[in-house]
Amino acid sequence: MKVKVLSRNPDRYSRETSLDIHKLPRNYDPALHPFEAQREYTRALNAVKLERVFAKPFLASLDGHSDMVALLQKHPTQLSSLFSAAADGVIKQWNIPLRTCTRTIQGHEGYVRGMTFTPDGETLISVGDDKNIRFWDVNPLLNSPEATTEAVVAKHSIITKYVVAGVSHHAKKPLFATCGDSCLLWEGERNEPIHKYDWGVDTLSAIKFNPTQTNVLGACANDRSIILYDIRGGSPIRKAVLGLRSNAIAWNPMEPFVFVVANEDYNSYMFDMRRLKKPLNIFMDHVSAVIDVDFSPTGKEIVTGSYDKTIRIFEVEKGRSREVYHTKRMQRLTSVLWTMDNKYIISGSDEMNIRLWKARAWEKLGVMRTRERDAMNYNEALKEKFAHFPQVKRISRHRQVPKHVYQAKKELVTIKDSKKRKEGNRRAHTKPGTVPFVPERQKTILSEQE
C-alpha cells in the first residue's frame with residue numbers, strides 16, 4: 001500500500017536564525033504570476049502618462065457680457081441654469097448644456113455686488129452699488145428656451161441707506177442677510193431689517209450662510225477679521241483677525257463646522273468654527289491675492305480663483321494644488337463655482353468671459369461602455385497604489401504654468417527661505433528662549449475674540 005504525505009523542507013521557508021521568523025511560501029510557477037509587481041508598475045506609469053496626454057480641461061467660453069464679470073451664481077435646483085452679473089449692472093441667465101444666454105436683465109445701475117436664491121429656487125435676490133435690493137421672479141426665465149430682449153421688471157425692490165456689498169439666503173427659512181457697513185438680517189420682502197449685528201468693524205465685504213448648520217453665517221471684514229454670527233442670538237459669537245484681508249468665504253457642505261476663506265496673502269485658510277486659534281489647513285500655491293473660493297459637493301476638494309490669472313484645485317487634506325488651469329486670454333479671476341453634479345468648474349474673469357472647465361482634466365465625458373469604465377477604475381487604482389514612486393509622482397505632479405507665475409513662484413520661494421534662514425540665525429545666536437519657534441499655522445491668527 002502506497003501512502004502519500006505532505007512534507008516541506010524548513011530551509012525553503014525559514015531564515016538562518018534562531019528567531020521564529022518564517023518566510024511566506026511562494027509559488028514559483030512562471031505561468032501564474034510572472035513579474036506581477038513589475039507589470040503593475042509599468043501599467044501605472046503608462047496610466048499616469050496617458051492622464052497627462054488627455055488632460056484637456058477647457059470646454060467652452062460663454063461670451064455676451066460687455067463689462068467685467070463680477071460674480072456667478074448657480075441655481076439651487078436646476079443643474080443647467082447659471083446666472084452671472086457684470087460690473088455694468090447686467091444680469092444674464094445661461095443654459096449650460098446649450099451654452100447659450102437665455103435672458104438678459106438690466107438689474108442695477110452700476111456694479112452688482114451679490115446674488116442669491118431662495119431655497120425653492122423661484123426668486124433671485126440681487127444687490128448692487130445703487131443701494132437697491134431687488135427680487136426677480138426666476139420661473140419665467142427658466143421656462144424660456146430661447147434668448148429674449150424684452151424688459152424684465154423686478155417684482156419687489158428695497159432701497160437701503162448704505163451700499164450693500166453681499167447677500168446670502170437662509171437654507172430653509174425666508175430670511176436673508178446682507179453685508180456692508182454692518183450685517184443686516186432681513187425677512188421675506190419687508191422693507192426694514194429685523195436685526196442688525198455690529199462688532200466694531202468698518203465694512204463687511206463678503207457673507208455666507210452655513211447650508212447645513214443653517215442658523216450660522218460667516219462674514220469677512222475689511223479690518224482683516226473673520227466674524228461668525230448666530231441669528232438666534234443678539235450679537236456675533238466669534239471673531240478672528242488674520243494678517244491680511246479675506247475676500248470670500250465658503251462652507252463645507254458635508255462638515256457644517258468647516259469653512260474656507262480666500263485671503264489677500266496668496267493663501268486660502270480652512271478653519272474649524274469651534275476653534276479659530278489656528279487653521280486646519282493652509283492652501284498655498286497662488287502667487288497673488290485669492291479672490292474667490294468654492295467647495296465641491298462632496299466636500300473633499302476646493303477650487304480657488306486668483307489675481308494671478310489661474311484657477312487651482314486643492315484636496316482638503318493637502319496644502320498643495322492637484323491641478324492648475326489657465327489660458328493665454330484669461331485675465332484676473334473674479335468668481336469660481338463648482339457645479340452640483342461634481343463634474344464642472346465655472347469661472348468668471350475681468351475680460352468679460354465665463355469659462356467652463358472639467359473638474360478632472362483627464363476625465364472622459366459622455367457615455368462609457370462597461371469595459372471602458374472598468375479600465376478607468378483599474379488605472380485609477382494603479383495610480384493610487386504607485387503614487388509615491390518617484391517617476392509616477394514626478395509625472396503626475398508636473399504642470400506647465402505661465403511665465404509670470406513661474407517667475408513669481410521662484411521669487412516667493414527665495415523670500416521664504418531668506419526669512420527662515422534669518423530666523424534660524426537669530427535663534428542660534430541669542431539667548432535661549434528669546435526667539436521662540438512659532439509654527440506656521442499659529443502665525444496666521446493675530447488675535448481671537450469671543
Side-chain angles (χ1 to χ4, degrees), residues 65 67-76 82-93 103-138 141 152-171 173-198 201-209 211 217-222 227 229 231 246-251 262 291-292 294 334-335 337 348 350:
H65 280 292
D67 205 339
M68 178 184 71
V69 179
L71 59 117
L72 304 172
Q73 184 67 34
K74 52 193 173 186
H75 196 275
L82 171 73
F83 285 78
S84 64
D88 58 357
V90 173
I91 299 174
K92 287 182 177 288
Q93 183 221 344
R103 187 62 65 94
T104 300
I105 310 170
Q106 183 60 49
H108 294 268
E109 297 295 330
Y111 207 105
V112 181
R113 294 292 176 179
M115 291 192 299
T116 188
F117 280 95
T118 54
D120 56 8
E122 295 182 356
T123 303
L124 173 70
I125 305 173
S126 64
V127 298
D129 282 352
D130 57 0
K131 302 182 182 179
N132 281 338
I133 303 174
R134 289 182 176 164
F135 298 77
W136 309 90
D137 191 2
V138 177
L141 304 183
V152 180
V153 180
K155 65 178 184 178
H156 185 64
S157 182
I158 301 173
I159 301 176
T160 62
K161 297 179 181 179
Y162 309 103
V163 174
V164 183
V167 62
S168 180
H169 203 284
H170 195 281
K173 299 178 182 178
L175 300 172
F176 67 93
T178 60
C179 64
D181 288 352
S182 59
C183 177
L184 301 176
L185 186 65
W186 306 75
E187 183 177 8
E189 297 180 1
R190 294 176 58 176
N191 290 332
E192 294 294 331
I194 61 174
H195 206 287
K196 181 179 180 180
Y197 300 92
D198 284 319
V201 297
D202 51 354
T203 311
L204 300 174
S205 58
I207 195 165
K208 187 68 70 70
F209 262 105
L217 60 94
C220 302
N222 285 344
I227 306 175
Y229 305 90
I231 62 175
S246 297
N247 293 313
I249 182 170
W251 293 93
I291 303 301
D292 199 11
D294 193 23
T334 56
S335 182
L337 284 181
D350 64 1

Reported OH-to-SG distance for the pair Y197 and C179, which is rounded to 0.5 angstrom: 14.5 Å
Pairwise side-chain contact, I194 with E187, heavy-atom cut-off 4.5 Å (strictly under): yes
Smallest separation among heavy atoms of A206 and A248, with atom names: CB-CA, 4.2 Å
Short side-chain to backbone donor-acceptor contact, T334 and G348, under 3.5 Å: yes
V164 side chain reached by R113 side chain, heavy atoms, under 4.5 Å: no
Donor-acceptor contact present, side-chain H195 to main-chain L184, <3.5 Å: no
Atom of I227, atom of A221 and distance for their closest heavy-atom approach: CD1-CB, 4.4 Å
Nearest non-hydrogen partners of P174 and H169, listed with the distance: CA-CE1, 4.0 Å
Shortest non-hydrogen contact from V163 toward G128: CG1-O, 4.4 Å
CD (E189) with more than 12 external heavy atoms under 6.0 Å: yes
Expected output: side-chain D88 to main-chain V90 donor-acceptor under 3.5 Å: yes
Any donor-acceptor N/O pair, T123 side chain to T118 backbone, under 3.5 Å: no
pair H108-S126: side-chain heavy atoms closer than 4.5 Å: yes
Check: P193 and L185 side chains under 4.5 Å, non-hydrogen atoms: no
Ring pair (Phe, Tyr, Trp, His ring centres under 6.0 Å) partner of F117, the single match among F135, F83, W136, F209: F83
Taking every non-hydrogen atom, the tightest pair across P211 and A171: O-CB, 3.7 Å
Aromatic ring pairing F176/W186, orientation class (parallel under 30°, perpendicular over 60°, tilted between): parallel
Note, L72 side chain near M115 side chain (heavy atom, < 4.5 Å): no
Straight-line distance of L337 CG to L82 CG, nearest 0.5 Å: 7.0 Å
Side-chain donor or acceptor of D130 paired with backbone N/O of E109 under 3.5 Å: yes
Atom NZ of K155: over 12 foreign heavy atoms under 6.0 Å: yes
Minimal non-hydrogen separation, S335 against A70, with atom names: CB-O, 4.3 Å
I158 side chain reached by H156 side chain, heavy atoms, under 4.5 Å: yes
Side-chain heavy-atom pair L217, I207 within 4.5 angstrom cut-off: yes
Salt bridge present between K74 and D294 (N-O < 4.0 angstrom): yes
Side-chain touch T160/N132, heavy atoms, less than 4.5 angstrom: no
Separation between CD1 of I133 and CD1 of I159, rounded to the nearest 0.5 Å: 10.5 Å
T203 side chain vs D181 backbone, donor-acceptor pair below 3.5 Å: no
Reported CG-to-CZ distance for the pair L175 and R190, which is rounded to 0.5 angstrom: 10.0 Å
Heavy-atom donor-acceptor pair, S246 side chain to C220 backbone, under 3.5 Å: no
Side chain to side chain donor-acceptor pair (under 3.5 Å) between K92 and T104, intermediate numbers included: CA-CA 5 Å; K92 287 182 177 288; T104 300; 2.9 Å; yes
